[in-house]
Amino acid sequence: MRILAGARTAVGLLTILPVRARIEPDGVGAAAAWFPLVGALVGLAAGAVRLGADHLFGATVAAVLAVLVLVTLTGALHQDGLADVADAVGVRGGRERRLEVMRDSTLGTFGVLALIVWALLLVAALSALPRDRAIDTLVIAAALGRWAAVVHAVAVPPARPDGLGAAFSPRPAAILIATVLAAATIALDPVPAAAGLVAAATTAGVTSAIAVRIVGGRTGDTLGATVALTEVVVCLVLLSLAR
C-alpha cells in the first residue's frame, strides 16, 4: 500500500493526470523513488506523438507537438521553475531578493528568454533526430530529467524551511530505487543511455552549484529547472550520438 501511495503521489505531483493522491510533505520524499518511471511514461507519450506526427506533418511540426505534449502532461511545472530561476539569476540583489523573485508569479525578461531558448533547443534536437530514435530518446531524457531532480535534492540543502524544496527530501531507499530505475534506461540502448546518465548527473551538479550560489540551496523552482535543463541536455547528447 505504501508503494502504491508513493507512486500515486509521484504521478499527482509530476503530471496533471487525475489520480487520487494526497500530496503531503511527509510523502513527497518517498515519491522520489518513482520519479524516473513517471518521467519515462511522460517521455513515452511525447515520443509516440513525435513518431506518429512525423508521417503526417514532417519532423519539425512533429517535434513541436511532442514538446507541447511534454509540457501539457506536466502542467508546465518544470518550465515554470526554469523561468523563475532564470529571473532570480538575472535580478540584482542578495539571497532574500532572489528568493522573493522566485516566489513572484510574474514572468520577467530572463524567464521569457530562458523558456524561448529551452523550447528552441528541444524542438531543434527532436526534429533532427532520426524517426526511429524519437521514442527511446524522449523516454531516456524524461526519465533522467526526473532522476536529476533527485540528485539535486540530495546534493544541496533546502534554501528555506518551507515549500517544496524543503519537503522534497528523499530517503536512502527512495534514492536507491530512483537510481535503479534511471539506470534501467540502459536496457533501451546501452551507449546513449549511459551517456545520458553522465549528462544528467553533470547537469544536476551544475544546477546544484547555481542554486547554492544564488539562494543557498534547493527550492521547488530549482528542482523544476533541473528537470527541464536535463531533458534538453540529454536530448542534445543523444542527438550527437545518433548522427
Side-chain angles (χ1 to χ4, degrees), residues 1-45 73-75 77-78 81 138-188 190 193-209 211-212 216-231 233-234:
M1 292 299 293
R2 181 173 295 181
I3 293 176
L4 292 177
R8 282 197 300 268
T9 299
V11 173
L13 182 65
L14 296 176
T15 75
I16 61 170
L17 297 179
V19 296
R20 293 182 177 179
R22 297 179 62 184
I23 301 176
E24 299 177 350
D26 292 342
V28 173
W34 309 107
F35 272 33
L37 180 58
V38 175
L41 294 175
V42 171
L44 178 62
L73 278 178
T74 58
L77 177 68
H78 313 306
L138 278 163
V139 168
I140 292 170
L144 296 185
R146 278 70 184 173
W147 174 70
V150 177
V151 174
H152 176 63
V154 173
V156 295
R160 52 179 179 248
D162 59 342
L164 180 59
F168 190 67
S169 183
R171 299 173 182 174
I175 297 167
L176 176 61
I177 294 172
T179 302
V180 169
L181 290 174
T185 58
I186 291 176
L188 293 174
L197 278 164
V198 174
T202 302
T203 305
V206 172
T207 60
S208 296
V212 169
R218 70 178 183 267
T219 68
D221 286 328
T222 65
L223 289 165
T226 299
V227 174
L229 291 173
T230 301
E231 285 176 338
V233 171
V234 172

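Computed from a predicted model, the values in this text were never measured in an experiment. Below, each value reflects all heavy atoms present in this structure, side chains not excepted, and no hydrogens, waters or symmetry copies.
- For the pair P170 and A153, the tightest heavy-atom approach, listed with the atom from each and the gap, is CD-CB, 3.8 Å.
- Remark: side-chain polar atoms of T207 are paired, donor with acceptor, to backbone N or O of A204 under 3.5 angstrom.
- Atom NE2 of residue H152 and atom OG1 of residue T219 lie 6.5 Å apart, to the nearest 0.5 angstrom.
- Every residue two or more places apart in sequence or in another chain that forms a side chain to side chain donor-acceptor pair (under 3.5 Å) with H78 is listed here: R146.
- Exactly one of V227, V233, V151 qualifies for a side-chain contact (heavy atoms from CB on, under 4.5 Å) with T203. That residue is V233.
- Residues that satisfy the side chain to side chain contact (heavy atoms under 4.5 Å, CB included) test with A33, not counting sequence neighbours, are A174, I177.
- Annotation for T226 and T222: closest pair OG1-O, 2.8 Å, computed over non-hydrogen atoms.
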Show me the side-chain donor-acceptor pairs of residues 154-168 shorter than 3.5 Å, one per line, residues at least two apart or across chains.
none

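- Shown are V42, T9, V38; of these, the side-chain contact (heavy atoms from CB on, under 4.5 Å) with L14 is made only by V38.
- Taking both residues in full, the closest heavy atoms of V234 and A141 are given as CG1-CA, 3.7 Å, listed atom of the first, atom of the second, then distance.
- Expressed to the nearest 0.5 Å, how far CZ of F35 lies from CG of L223 amounts to 8.0 Å.
- Across T230 and L144, no two heavy atoms sit closer than the pair CG2-O, 3.8 Å.
- When all heavy atoms are compared, the tightest approach of A183 to L197 is CA-CD1, 4.1 Å.
- Atom CG of L73 and atom CD1 of I16 lie 6.0 Å apart (nearest 0.5 Å).
- For the pair W34 and L181, the minimum side-chain heavy-atom distance is below 4.5 Å.
- Nearest approach of A178 to P36, heavy atoms of both residues: O-CG, 3.3 Å.
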